[in-house]
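Each chain gets a letter, A, B and so on, in the order the sequences are listed, and its residues count up from 1. Just so we're clear, the structure is a prediction, and the values are computed from it rather than from any experiment.
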Protein chains: 2
Amino acid sequence: MVKKIKDTGAEEKILAAARKVFLTQGMAGARMQDIADEAGINKALLHYYFRDKDKLFETIFLEEAQKFFPKINKIFNSDDALFEKIENFVHEYIDEMQQNPYLPWFVMNEMNRDPQKFLDKIWGNSNRPDPSKFLSQIEKEVKKGTIKRISPLHLLFNLLGMTIFPFISKPMITRNLGMDELQFRTAMEQRKKEIPKFIMDSISK
Amino acid sequence: MVKKIKDTGAEEKILAAARKVFLTQGMAGARMQDIADEAGINKALLHYYFRDKDKLFETIFLEEAQKFFPKINKIFNSDDALFEKIENFVHEYIDEMQQNPYLPWFVMNEMNRDPQKFLDKIWGNSNRPDPSKFLSQIEKEVKKGTIKRISPLHLLFNLLGMTIFPFISKPMITRNLGMDELQFRTAMEQRKKEIPKFIMDSISK
DNA sequence: ATTTTTGTTAACCATTTGGTTAAACTATAT
DNA sequence: ATATAGTTTAACCAAATGGTTAACAAAAAT
């Protein structure tokens with residue numbers, strides 16, 4: 001009956017280990033034994049805390065997705081002006097990615113595997129990314145004539161692509177361009193300013 | 001000794017099946033039995049033609065990667081003017097993705113899993129994407145003053161991101177925006193013009 | 001025609017892997 | 001001290017999975 005009065009850390013250690021293994025190996029590639037080893041505990045303990053692999057995976061995936069998407073929503077649905085919104089989005093997103101570089105790949109990977117499952121299950125219609133306000137905001141600006149005529153959808157694609165893609169392709173890009181970890185970090189840091197500038201240069205009249 | 005005088009199709013059927021299964025499930029998620037079923041042949045025949053799973057996977061991956069990257073190289077290393085190069089790249093890339101939508105995700109996915117392995121093995125220094133000429137070309141244009149001051153690296157990231165990202169995030173994006181297959185296709189078709197325009201609007205003086 | 005090589009299969013095998021069990025250990029309450 | 005509930009482990013189990021074998025069928029070579 002008494003629950004979690006004291007946590008020596010077993011459960012937390014499992015979660016940390018599972019996070020690491022799932023994020024790098026994906027659901028299919030992850031091994032329960034690897035997670036146990038990584039956590040420094042017996043494999044059976046995994047099943048003691050989390051019934052089975054699916055449950056454990058879902059816990060991790062949900063946790064990661066939920067700490068990630070709401071932030072975006074908040075920005076997209078804020079009352080900021082368009083340019084500030086773009087700036088905020090790029091800034092926050094890149095910060096998040098710097099701390100958690102495997103996240104976007106992980107999310108998209110599992111989503112590719114079984115789109116139905118996650119879009120329904122993980123985002124309970126509550127925190128699913130909703131760019132509709134952002135899109136209509138662009139349209140409004142176009143009509144007002146403050147920015148050039150551009151399709152909101154394409155601007156969204158551009159914004160997302162420029163921001164997220166480097167992190168997804170990191171291994172390929174860095175290896176191919178001979179960048180090291182630090183160079184990549186600084187490049188991404190620069191992009192916080194480069195991307196908004198690039199967009200504004202393109203759409204402002 | 002005589003090899004492939006006639007191909008009833010077993011080998012081809014295996015390759016087609018393996019392509020399908022590997023592209024959608026990844027190396028870790030793919031099951032040899034699934035490939036056999038998909039090909040309509042006995043599982044043992046897989047091992048008759050391709051020693052083991054690794055070999056089969058490598059065949060597919062190599063085949064896919066090699067029909068994909070050289071094309072890009074040709075564009076990046078051509079003598080076309082910068083804008084034409086960008087136009088060509090976007091055009092060719094989107095065409096390729098339309099026909100083979102799982103490819104970019106597949107390539108990057110497996111590359112994330114084990115970067116060392118593929119970058120050395122798959123691209124034998126021959127057809128590895130090499131944007132260096134493209135990068136220096138941008139720098140030249142900047143120095144000539146024909147375009148705004150922009151970091152070549154960031155422009156490359158922007159170009160790649162805007163072009164490739166929608167295909168990687170397709171399941172997420174389409175579901176979230178309520179797009180169907182046709183709408184997605186037409187949107188991507190539009191991007192062939194939208195992306196070059198977006199870039200030129202941003203960097204031209 | 002018959003031998004030999006190539007292609008194909010069903011049945012099988014060994015290992016991996018997710019998951020269970022029963023026993024042991026730890027702390028807390030009585 | 002002892003019972004009790006919660007925690008952890010070693011040993012085990014069954015299913016899944018990659019891979020092998022031996023027999024059989026089809027084709028090619030003799």
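- Of the possible polar contacts, one joining the B:Lys53 side chain to the B:Ala30 backbone as a donor-acceptor pair under 3.5 Å is found.
- For the pair B:Lys43 and B:Gly40, nearest-nucleotide mapping onto DNA chain C gives the more 5' position to B:Gly40.
- A close approach under 4.0 Å does occur between a side-chain nitrogen or oxygen of B:Tyr48 and OP1 or OP2 of C:dG7.
- Looking only at distances, no side-chain donor or acceptor of A:Lys85 sits under 3.5 Å from a matching main-chain atom of A:Phe134.
- Here A:Ala36 lies out of heavy-atom contact (under 4.0 Å) with every strand.
- Taking the side chain of A:Ala44 as heavy atoms from C-beta on, and the options C:dG19, C:dT21, C:dT8, the nearest nucleotide is C:dT21.
- Counting only distance, with no hydrogens or angles, the side chain of B:Asp52 and the backbone of B:Lys55 share a donor-acceptor pair below 3.5 Å.
- Using cut-offs of 30° and 60° for the angle between ring planes, the A:Tyr93 and A:Phe89 rings count as tilted.
- Residues A:Phe22 and A:Phe106 keep their aromatic ring centres 6.0 Å or farther apart.
- Among the protein residues, A:Asn42 comes within range of the nucleic acid bases, having at least one heavy atom under 4.0 Å from a base atom.
- Residue B:Lys13 contributes atom NZ, which lies 8 Å from atom P of C:dT9 at whole-angstrom precision.
- One can place NE2 of A:His47 at 19 Å from P of D:dC12, the figure rounded to the nearest angstrom.
- In this entry the distance linking CZ of A:Phe57 with C1' of C:dG19 reads 19 Å, nearest Å.
- One atom, CD of B:Gln25, and another, P of D:dT17, lie 12 Å apart when rounded to the nearest Å.
- For the pair A:Leu46 CG and D:dA10 P, the computed distance is 13 Å after rounding to whole Å.
- The interatomic distance linking A:Gln33 (CD) with D:dC12 (C1') rounds to 14 Å, in whole Å.
- Here the C1' atom of nucleotide C:dG19 and the CD1 atom of A:Ile35 are 14 Å apart, to the nearest Å.
- A straight line from NZ of B:Lys55 to P of D:dG19 spans 10 Å, rounded to a whole angstrom.
- Residue B:Tyr49 places at least one side-chain N or O under 4.0 Å from the OP1 or OP2 atom of C:dT8.
- Listed pair B:Arg31 / D:dG18 meets the phosphate criterion, a side-chain N or O lying under 4.0 Å from OP1 or OP2.
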